[in-house]
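Heads up, the thing below is written out as structure tokens.
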Amino acid sequence: MKSEAKAIAKRIKAKGLQKLKWFCQMCEKQCRDENGFKCHTRSEGHLRQMAIFKQSSGKFMDQFSRQFERGFLSILSKRHHTKKVKANVVYNEFIQDKMHIHMNATYWGTLTSFVNYLGREGKCEVEETEKGWYIQWIDNDPKTLEKRARGEKKRKHDQDDEDRHQRLIEKQIAASKAQALARGIDTEEKFTDLKEDPSKLSINLSISAPVRKKQVNLLKSNHDNKIISTNVEKKRKRFNAAESIVNRMESKKRSEPELVDGCWLQKGIVVKLKDKSFGEFRKKKAVVTYVSRSKVGSGKVRLVDRKKGKLEDFDISINQRLVETVVPKLGGTVAIVSKKSGFENRGNKGKLIDVNLDKSTVSVKILEGTNKGKTLADLEYDNISKLYFPQG
């Protein structure tokens, strides 16, 4: 019974990834500890493989290096395509295969030297930051290059057509001016001051009750003319007041957040990345910068750099199922969020005044809208989210 349990334990240990320094690439054997690796290097099988390696070491190094590079670029191109990604993330995905080609069997001793090699060869765009090396795959596939060339050719052709059409219009204008000058017609543009004739001024305000038309004899005395000018000024004031009301309504509409039915994401709120698919960015906070109207529940976010107090310069595509709302400290500004379009105060700003940890609810004081000053109690955490304000 003990031997069977011991065998199962050994199989479980051997199933996962072991330390790379105890892997023999020539024999393709993984040892569990230093003592096992030492015993393996003294075995007859390993010594025979090393004798073969000594006969043509450059051939084996070239083969291992090509296989490592091919596998690494395959992971980068298929999973991340042309997106900028951290080199260490791609390497961790590559070594998930237990029988992968190990870096200690190639020309490159470190990941940094391998990344620099990819940059020199023009296979990737590399960038060194405070957080490490970032790489971006350059798609040099013939089909992609051909498609890109066709698009550039079409764009250039459209631009040539537009320029040709513009030149034709200018030529026609010049010919028309020449004919006018031959006939003795002055083609020079003259600008004159605008003079209003109060006798021809008519104003129709659709927002007020219909005004009865009155026939006014303009050949009356000067006293009647003064009365007419006074009425015109009053109508102008009414028109300006109506126009200002319409402008205020339009500006208020523009300032309101764009809400999508069935989606609680709003531009400017802070969310937390909770899904494992985000990799190293999991459990980090980000700000929503874009909400899709065609794909309900989808959008883009940017990570918050706490040291600089600013947002990162790259976007991450998300779905509302993969993120969660963030509750700020007491007194912080929040946005009321919900999937339902009829939810009360949806999209309005509020101030967090109380948090009930037992019920997992909060109380928020509305700061805008028709219910300004009203307090909403027993709101669930999913119905509010912190608003982002850039520092400095």
Side-chain angles (χ1 to χ4, degrees), residues 86 129-131 252 254-292 297-392:
K86 204 171 182 179
T129 64
E130 297 178 355
K131 296 184 178 180
K252 182 179 178 181
R254 286 194 299 267
S255 62
E256 290 178 352
E258 296 181 359
L259 304 177
V260 181
D261 192 15
C263 175
W264 61 265
L265 295 176
Q266 294 180 22
K267 191 174 179 181
I269 65 172
V270 181
V271 295
K272 187 175 182 180
L273 310 180
K274 66 177 183 178
D275 194 72
K276 293 181 179 180
S277 60
F278 292 114
E280 63 172 335
F281 300 139
R282 187 190 176 203
K283 295 185 178 181
K284 289 191 176 183
K285 295 179 181 178
V287 178
V288 179
T289 57
Y290 168 75
V291 180
S292 175
S298 300
K300 293 182 180 180
V301 297
R302 287 193 175 187
L303 296 175
V304 180
D305 191 342
R306 294 184 178 179
K307 294 181 180 179
K308 297 181 180 179
K310 297 180 181 179
L311 300 181
E312 298 287 357
D313 56 353
F314 58 91
D315 294 321
I316 302 175
S317 299
I318 63 164
N319 188 283
Q320 62 183 5
R321 296 180 291 100
L322 308 180
V323 297
E324 60 186 5
T325 58
V326 175
V327 179
K329 297 179 181 178
L330 287 176
T333 307
V334 298
I336 309 297
V337 298
S338 176
K339 292 183 182 179
K340 301 177 182 177
S341 59
F343 188 79
E344 186 181 10
N345 302 299
R346 180 173 180 243
N348 289 341
K349 296 179 183 178
K351 181 180 180 181
L352 185 65
I353 57 176
D354 185 40
V355 178
N356 190 334
L357 298 177
D358 297 331
K359 296 182 180 180
S360 297
T361 58
V362 296
S363 298
V364 176
K365 183 178 180 181
I366 304 299
L367 299 178
E368 61 182 8
T370 56
N371 294 328
K372 183 178 179 181
K374 182 180 178 181
T375 300
L376 301 179
D378 296 332
L379 283 177
E380 296 182 355
Y381 290 163
D382 294 340
N383 288 332
I384 67 160
S385 191
K386 179 181 177 182
L387 273 173
Y388 172 75
F389 296 99
Q391 299 179 9

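What you are looking at is a predicted structure, and each value in this text was computed from that prediction instead of being measured.
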I'd like to know if Glu312 pairs up with Lys131 as an ion pair, taking the criterion as any Lys NZ or Arg NE/NH1/NH2 lying under 4.0 Å from an Asp or Glu carboxylate oxygen.
yes
Nearest atoms (heavy-atom pairs only) where Glu324 meets Trp264:
C-CH2, 4.2 Å
In short, Arg346 meets Cys263 closest at the heavy-atom pair NH2-O, 3.0 Å
Treating Ser292 as the side-chain partner and Ser298 as the backbone partner, does any N or O pair qualify as donor plus acceptor under 3.5 Å?
no
Above 12 or not: heavy atoms from other molecules or residues under 6.0 Å from NZ of Lys86?
yes
Close side-chain approach of Thr375 to Val364, heavy-atom, < 4.5 Å:
no
Dump the intermediate steps for side-chain contact (heavy atoms from CB on, under 4.5 Å) on Leu330 and Ile353, then the final yes or no.
CA-CA 6 Å; Leu330 287 176; Ile353 57 176; 6.0 Å; no
If you round to the nearest 0.5 Å, how far is CG of Leu376 from NZ of Lys365?
12.0 Å
If only atom types and distance count, is the side chain of Lys349 paired as donor or acceptor with the main-chain N or O of Gly369 below 3.5 Å?
no
To the nearest 0.5 Å, atom CG of Leu322 lies from atom CZ of Phe278 at 5.0 Å
Is there side-chain contact between Leu311 and Asp305, with at least one heavy-atom pair below 4.5 Å?
no
In Å, rounded to the nearest 0.5 Å, how long is the span from NZ of Lys372 to CG of Asn348?
11.5 Å
Measure the CG-CG distance between Asp315 and Leu303 for me, rounded to the nearest 0.5 Å.
10.0 Å
Applying salt bridge (charged side-chain N to carboxylate O under 4.0 Å, His left out), run through Asp275 and Arg282 and close with a yes or a no.
CA-CA 6 Å; Asp275 194 72; Arg282 187 190 176 203; over 6 Å; no
Nearest heavy-atom contact between Val334 and Leu387 is O-CD1, 3.7 Å
Counting distance only, does the side-chain N/O of Thr361 pair as donor-acceptor with the main-chain N or O of Glu380 below 3.5 Å?
no
Minimum heavy-atom separation for Asp378 to Ser363, with atom names?
N-OG, 4.2 Å
Over 12 foreign heavy atoms within 6.0 Å of NZ, Lys284:
yes
List the steps and the verdict of side-chain contact (heavy atoms from CB on, under 4.5 Å) for Tyr388 and Ile269.
CA-CA 6 Å; Tyr388 172 75; Ile269 65 172; over 6 Å; no
Between Thr289 and Lys300 (side chain of the first, backbone of the second, donor and acceptor by atom type, cut-off under 3.5 Å), is there such a pair?
yes
If you measure from CD1 on Ile384 to CG on Leu352, what distance do you get to the nearest 0.5 Å?
5.0 Å
Closest approach of Ile318 to Val323 (non-hydrogen atoms, all atoms of both residues):
CD1-CG1, 4.2 Å
Distance in Å, Tyr381 OH paired with Thr325 OG1, rounded so as to fall on 0.5 Å steps:
10.0 Å
Using atom types as modelled and distance alone, determine if a side-chain donor or acceptor of Gln266 lies under 3.5 Å from a backbone N or O of Ile336.
yes
